[in-house]
**Student:** 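Okay, here's the structure, questions in a sec.
Position 1 is the first residue of the sequence; numbering continues from there. We use all heavy atoms of the structure for the numbers below, so side chains are in, but hydrogens, waters and symmetry mates are not. Each ligand, and each atom within it, is numbered from 1 in the order the structure gives.
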Amino acid sequence: MWLALEIGNSRLHWGLFRDKSLDYTWDTDHLSECQTINDLPAELLHFSISREVGEKISFHTPIFLASVVPHQTKLWQTHPHVRVIALEQIPLLNMYPTLGIDRALALWGAGKTWGFPMLVIDAGTALTFTGADGHQSLVGGAIMPGIGLQFTTLSEKTGQLPQVKTEIMSLPRRFSLNTQEAIQSGIIYTVLAGIKDFIAAWWQLFPESKIVLKGGDAILVVRHLRFLFPEIAENLILEPNLTFWGMWEIVSLILD
Ligand SMILES: Nc1ncnc2c1ncn2[C@@H]1O[C@H](COP(=O)(O)OP(=O)(O)OP(=O)(O)O)[C@@H](O)[C@H]1O
Ligand SMILES: CC(C)(CO)[C@@H](O)C(=O)NCCC(=O)O
Ligand SMILES: [K+]
């Protein structure tokens, strides 16, 4: 039994693995800077998870960590049972040194599960595209501000734009007559058009490629894509736990 800990820019994502199965997943907040690992033991692991999970894990349960937030990595490295997964441990070819470990793991996990070539779209804090060819070699990708970040920066960096709700249940009018809807329209339609365009460009290169979507905003993205571009949406695979599958692939090599 081991814990997978993915440290993203917004929060911590946890997974509890037993053998090949991912028994539970949950999210918690980042550790605050003043906390040390000695403050946490049980409390932290039990924080915001069910009693059922809490009883299964202890301070001694091994934690395999993949992080894209260096100062959070530092805090967790003081934990005696934490092992940090590094880019070099991922067998993907043609990686560049500053590639995010989350992107590499998600791509590796997706390719191992559904086959290469593969494109992963992560609709998280940042919205990223990451693709590999049929030889398990990184082709490359793109990074843009995620949906939540676009809303937040717009309100924070302007004098009179409000913070608007990110969860857009139904699509706004494209040409809006109020500020809130105009912001939603601008962000959601350009994000969806951008995703459609990247997918079209990828399928030009790799017509047979599967595409997998993950991240905090993935469900929102798929819902709207279904409405606007159903032929694209029906070919997407939604897998919230993609990074954990990538971690499982790597950790089972280590534990063998
Ligand atoms: N409960 C939630 N807490 C935080 N963000 C959420 C939540 N539900 C949906 N979101 C959305 O998810 C996005 C963040 O995605 P995610 O949680 O995958 O990010 P992350 O922790 O930074 O991971 P990554 O670094 O892989 O992007 C935000 O844009 C936010 O709008
Ligand atoms: C792009 C993010 C923030 C997505 O989580 C992360 O993968 C990261 O910090 N990447 C480093 C830069 C890169 O992947 O090229
Ligand atoms: K940064």
Side-chain angles (χ1 to χ4, degrees), residues 4-15 25-32 47-49 64-76 84-90 92-110 118-132 137-156 163-169 180 183-184 186-188 190-192 194-195 198 212-224 238-247 250:
L5 171 56
E6 182 198 356
I7 304 186
N9 279 296
S10 298
R11 45 191 172 149
L12 308 181
H13 310 280
W14 295 88
T25 64
W26 66 97
D27 299 321
T28 62
D29 290 333
H30 284 160
L31 292 184
S32 59
F47 168 64
S48 89
I49 55 178
F64 287 86
L65 181 154
S67 171
V68 295
V69 187
H71 64 270
Q72 286 286 313
T73 317
K74 280 215 188 79
L75 293 174
W76 280 98
V84 178
I85 298 177
L87 210 52
E88 303 78 62
Q89 289 170 289
I90 302 168
L92 203 61
L93 306 173
N94 199 40
M95 291 190 294
Y96 57 93
T98 61
L99 176 70
I101 188 87
D102 57 340
R103 301 176 64 196
L105 282 169
L107 182 56
W108 187 249
M118 173 58 72
L119 179 70
V120 170
I121 304 175
D122 185 348
T125 310
L127 201 157
T128 62
F129 302 87
T130 316
S137 179
L138 180 70
V139 173
I143 302 170
M144 64 182 268
I147 294 175
L149 207 51
Q150 294 194 30
F151 280 97
T152 307
T153 38
L154 210 47
S155 78
E156 280 178 359
Q163 176 69 42
V164 172
K165 234 176 57 214
T166 310
E167 310 92 56
I168 308 163
M169 296 318 264
Q180 168 157 332
I183 292 172
Q184 291 179 333
I187 293 173
I188 201 69
T190 57
V191 165
L192 295 172
I195 289 174
F198 267 90
V212 186
L213 201 64
K214 70 170 287 261
D217 292 317
I219 291 170
L220 184 90
V221 164
V222 166
R223 184 186 321 123
H224 296 320
L238 186 65
E239 178 47 69
N241 297 320
L242 200 50
T243 312
F244 292 146
W245 294 122
M247 289 175 81
I250 305 305

**Student:** Under 4.0 Å, heavy-atom basis, I'd like to know which part of Asp122 is in contact with ligand 1: side chain, backbone, both or neither.
**Tutor:**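 For Asp122, the contact with ligand 1 is made by the side chain alone.
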**Student:** Identify, for atom 4 (C) of ligand 2, the protein heavy atom at the shortest distance, and state residue, atom and that distance.
**Tutor:**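 Here the nearest protein heavy atom works out to Asp102 OD2, 3.3 Å.
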**Student:** Pull out every atom of ligand 1 sitting under 4.0 Å from any heavy atom of Glu6, numbered as shown with elements.
**Tutor:**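 So the atoms of ligand 1 that pass are 26 (O).
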**Student:** Which atoms of ligand 2 sit under 4.0 Å from any heavy atom of Arg103?
**Tutor:**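 The list of qualifying atoms is 7 (O), 13 (C), 14 (O), 15 (O).
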**Student:** State, yes or no, whether a side-chain contact exists between Asp122 and Arg103 at a heavy-atom distance under 4.5 Å.
**Tutor:**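 SC-SC contact between Asp122 and Arg103 ruled out.
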**Student:** Report, in ascending order of atom number, the atoms of ligand 1 lying under 4.0 Å from any heavy atom of Gly148.
**Tutor:**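 Result: 29 (O).
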**Student:** Kindly determine whether Ile7 and His30 satisfy side chain to side chain contact (heavy atoms under 4.5 Å, CB included), including the steps that lead there.
**Tutor:** CA-CA 8 Å; Ile7 304 186; His30 284 160; 4.1 Å; yes
**Student:** With only distance considered, is Thr128 within less than 3.5 Å of ligand 2 through an N or O on each side?
**Tutor:**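 In this structure, Thr128 places no N or O atom under 3.5 Å from an N or O of ligand 2.
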**Student:** Looking only at N/O atoms, are Gly216 and ligand 1 under 3.5 Å apart anywhere?
**Tutor:**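 Yes: some nitrogen or oxygen of Gly216 is under 3.5 Å from one in ligand 1.
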**Student:** Among all protein non-hydrogen atoms, which one is nearest to atom 14 (C) of ligand 1, and what is the separation to 0.1 Å?
**Tutor:**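 Result for atom 14 (C) of ligand 1: Thr125 N, 3.5 Å.
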**Student:** If you count heavy atoms of other groups shown closer than 6.0 angstrom to CG of Leu238, is the number above 12?
**Tutor:**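 Correct, the count exceeds 12.
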**Student:** Suppose we measure from atom 9 (O) of ligand 2 to each protein heavy atom; which comes out shortest, and what is that distance?
**Tutor:**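 Ranking protein heavy atoms by distance from atom 9 (O) of ligand 2, first comes Val68 CB, 4.1 Å.
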**Student:** Write out the residue and atom name of the closest protein heavy atom to atom 15 (O) of ligand 2, then the distance separating them to 0.1 Å.
**Tutor:**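 Looking only at protein heavy atoms, the one closest to atom 15 (O) of ligand 2 is Tyr96 OH, 2.4 Å.
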**Student:** Please list, in number order, the atoms of ligand 1 under 4.0 Å from a heavy atom of Gly215.
**Tutor:**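 Near Gly215, meaning under 4.0 Å from one of its heavy atoms, ligand 1 has 18 (O).
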**Student:** Could you give the distance from CG (Leu65) to CD1 (Ile101), rounded to the nearest 0.5 Å?
**Tutor:**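 Answer rounded to 0.5 Å: 9.5 Å.
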**Student:** If you take all heavy atoms of Ile187 and Gln150, which pair is closest and at what distance?
**Tutor:**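 Looking at all heavy atoms of both residues, the shortest contact is CG2-OE1, 3.6 Å.
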**Student:** For atom 25 (O) of ligand 1, state which one of Ile7, Ile147, Asn9 supplies the nearest heavy atom.
**Tutor:**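 Answer by nearest heavy atom: Asn9.
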**Student:** With a 4.0 Å cut-off on heavy atoms, is Glu167 touching ligand 1?
**Tutor:**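 No, Glu167 has no heavy atoms under 4.0 Å from ligand 1.
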**Student:** Under 3.5 Å, is there a donor-acceptor pair between the side chain of His13 and the main chain of Thr243?
**Tutor:**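 No, the answer is negative, given that no donor and acceptor are paired below the 3.5 Å cut-off.
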**Student:** Nearest protein heavy-atom contact for atom 8 (C) of ligand 2: which residue, which atom, what distance?
**Tutor:**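 Protein heavy atom with the smallest distance to atom 8 (C) of ligand 2: Gly100 CA, 4.0 Å.
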**Student:** What part of Asp102, side chain, backbone, both or neither, has a heavy atom within less than 4.0 angstrom of ligand 1?
**Tutor:**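 The answer is the side chain.
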**Student:** Which protein non-hydrogen atom lies closest to atom 12 (C) of ligand 2, naming both residue and atom, and how far is it?
**Tutor:**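 Going atom by atom, the protein heavy atom closest to atom 12 (C) of ligand 2 ends up being Thr98 O, 3.3 Å.
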**Student:** What protein heavy atom lies closest to atom 3 (C) of ligand 2? Include the residue and the distance to one decimal.
**Tutor:**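 Ranked first by proximity to atom 3 (C) of ligand 2 is Asn9 ND2, 3.4 Å.
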**Student:** Under the criterion side chain to side chain contact (heavy atoms under 4.5 Å, CB included), I'd like the reasoning laid out for Met95 against Glu88: C-alpha separation, chi angles, the key distance, then a yes or no.
**Tutor:** CA-CA 9 Å; Met95 291 190 294; Glu88 303 78 62; over 6 Å; no
**Student:** Relative to the ring of Phe198, is the ring of Phe129 parallel (under 30°), tilted (30 to 60°) or perpendicular (over 60°)?
**Tutor:**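 Phe129 vs Phe198 ring planes: parallel.
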**Student:** For the side chain of Gln89 and the backbone of Ala86, is there at least one donor-acceptor N/O pair under 3.5 Å apart?
**Tutor:**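 Side chain of Gln89 to backbone of Ala86: a pair is present.
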**Student:** Considering distance alone, does some N or O of Arg11 sit under 3.5 Å from an N or O of ligand 1?
**Tutor:**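 N/O-N/O distance below 3.5 Å exists for this pair.
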**Student:** Does Ile90 form a side chain to side chain contact (heavy atoms under 4.5 Å, CB included) with Leu107? I'd like the steps, not just the answer.
**Tutor:** CA-CA 10 Å; Ile90 302 168; Leu107 182 56; over 6 Å; no
**Student:** Which pair of heavy atoms, one from Thr166 and one from Leu220, lies closest together, and at what distance?
**Tutor:**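 Minimum heavy-atom separation between Thr166 and Leu220: O-CD2, 4.2 Å.
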**Student:** Any side-chain heavy-atom pair from Tyr96 and Leu138 closer than 4.5 angstrom?
**Tutor:**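 With C-beta onward as the side chain, the pair touches.
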**Student:** Students should be able to answer this: which protein heavy-atom is nearest to atom 13 (C) of ligand 1, and at what distance?
**Tutor:**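 Nearest neighbour among protein heavy atoms for atom 13 (C) of ligand 1, to 0.1 Å: Asp217 OD2, 3.5 Å.
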**Student:** Provide, to 0.1 Å, the distance between atom 23 (O) of ligand 1 and the closest protein heavy atom, together with that atom's residue and name.
**Tutor:**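 The answer is His13 NE2, 3.4 Å.
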**Student:** Identify the heavy atoms of Val120 and Ala110 that sit nearest to each other, and give their distance.
**Tutor:**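 The pair with the smallest heavy-atom distance is CG2-CB, 3.8 Å.
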**Student:** To which protein heavy atom is atom 24 (P) of ligand 1 closest, and what is the distance rounded to 0.1 Å?
**Tutor:**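 Protein heavy atom with the smallest distance to atom 24 (P) of ligand 1: Gly8 CA, 4.1 Å.
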